[in-house]
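Everything on this sheet refers to the single structure shown next.
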Amino acid sequence: MAEPITAIRAHPLAGRVHAGSGVAITLAPEAFRINLRARADALATLSGALSVELATMPGQSVTAGNRLALCLGPDEWLVIDVKNHPLTDLAAVEVLHSAVDVSDRNTAILVSGPSAADVINAGCPRDLSLAAFPVGACARTIFGKVEVVLHRPRATVFRMEVWRSFSDYAFQLLAEAARDQA
């Protein structure tokens, strides 16, 4: 009898790191992610179930423990957790909402250092100055030719959520921009 074969999924950016003058580009730890859609009247219940107060203004984020909730629109959030799957917490919720697991679709790249904003701006038209994009800000935007979600958890750190199929392109463009900054 043949032995069963288990497929081991390799991350498209496994082992990739770029460190240069003023910037480091690394792969963020694997995480669970859901795209959450809901009306305003469901937010209190959903926030309670997720143990994170969902922001109501697009562009704001909230962190509670290992859980991060990015408000991307008036009725849309990207909820990220490195330990526990947010869908599990929503299993018994009885308010109208849509929660889609996008854990396998997305991955995240961390861009950190004093030149992080400049490196991202090589492919992103958004103003990433601290005045325009402060700590805690998030936005769906363009980087090169791909759509990404940017989050600024600290003054010199950005989290770039990108579809896995575009992650190599995004990483290469970031690394090239970082080399140009040197």
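Worth knowing before you read on, the calculation uses all heavy atoms, side chains too, and leaves out hydrogens, waters and symmetry mates.
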To the nearest 0.5 Å, how far apart are [atom1] in [X] and [atom2] in [Y]?
{"X": "Glu147", "Y": "Trp163", "atom1": "CD", "atom2": "CH2", "value": "7.5 Å"}
{"X": "Leu72", "Y": "Leu78", "atom1": "CG", "atom2": "CG", "value": "6.0 Å"}
{"X": "Cys138", "Y": "Arg152", "atom1": "SG", "atom2": "CZ", "value": "13.0 Å"}
{"X": "Leu174", "Y": "Ile25", "atom1": "CG", "atom2": "CD1", "value": "5.0 Å"}
{"X": "Thr63", "Y": "Asp81", "atom1": "OG1", "atom2": "CG", "value": "10.5 Å"}
{"X": "Glu161", "Y": "Arg105", "atom1": "CD", "atom2": "CZ", "value": "9.0 Å"}

Indicate yes or no for a side-chain donor-acceptor contact from [X] to the backbone of [Y] under 3.5 Å, with no hydrogens or angles considered.
{"X": "Tyr169", "Y": "Val146", "value": "no"}
{"X": "Arg37", "Y": "Asp75", "value": "yes"}
{"X": "Ser115", "Y": "Asp118", "value": "no"}

Please examine the side chains of [Y] and [X], heavy atoms only from C-beta on, and report whether any two atoms are closer than 4.5 Å.
{"X": "Val162", "Y": "Asn106", "answer": "no"}
{"X": "Val135", "Y": "Leu130", "answer": "yes"}
{"X": "Leu36", "Y": "Leu54", "answer": "yes"}
{"X": "His85", "Y": "Val79", "answer": "no"}
{"X": "Val102", "Y": "Ile34", "answer": "no"}
{"X": "Asp104", "Y": "Arg33", "answer": "no"}
{"X": "His97", "Y": "Leu46", "answer": "yes"}

Please name the pair of heavy atoms, one in [X] and one in [Y], separated by the smallest distance, quoted to 0.1 Å.
{"X": "Ser103", "Y": "Phe32", "result": "OG-CA, 3.4 Å"}
{"X": "Ala116", "Y": "Phe158", "result": "CB-CD1, 3.8 Å"}
{"X": "Asn121", "Y": "Arg126", "result": "ND2-O, 2.7 Å"}
{"X": "Ser61", "Y": "Gly136", "result": "OG-O, 2.6 Å"}
{"X": "Ala99", "Y": "Leu87", "result": "CB-CD2, 3.6 Å"}
{"X": "Val119", "Y": "Ala178", "result": "CG2-CA, 3.8 Å"}

Should [X] and [Y] be regarded as members of a common hydrophobic cluster, given that ILVMFWY residues are connected when their side-chain heavy atoms come within less than 4.5 Å of each other, either directly or indirectly?
{"X": "Phe133", "Y": "Ile109", "result": "yes"}
{"X": "Val82", "Y": "Leu27", "result": "no"}
{"X": "Leu173", "Y": "Ile120", "result": "yes"}
{"X": "Val148", "Y": "Trp77", "result": "no"}
{"X": "Ile80", "Y": "Leu90", "result": "no"}

Stepwise side-chain contact (heavy atoms from CB on, under 4.5 Å) check, Glu76 with Arg140: CA-CA 11 Å; Glu76 181 181 11; Arg140 182 179 283 126; 2.8 Å; yes
Residues Arg39, Asp41: salt bridge by 4.0 Å N-O rule: yes
Salt bridge present between Arg164 and Glu30 (N-O < 4.0 angstrom): yes
Assess the residue pair Val111 and Val157 against the criterion (side-chain contact (heavy atoms from CB on, under 4.5 Å)); give the C-alpha distance rounded to whole Å, side-chain angles, the decisive distance to 0.1 Å, and a yes or no. CA-CA 6 Å; Val111 184; Val157 177; over 6 Å; no
Step by step, work out the side-chain contact (heavy atoms from CB on, under 4.5 Å) result for Leu128 and Leu150. CA-CA 10 Å; Leu128 297 178; Leu150 276 182; 4.0 Å; yes
Would you please test Leu70 and Val62 for side-chain contact (heavy atoms from CB on, under 4.5 Å) and show each step? CA-CA 7 Å; Leu70 308 175; Val62 179; over 6 Å; no
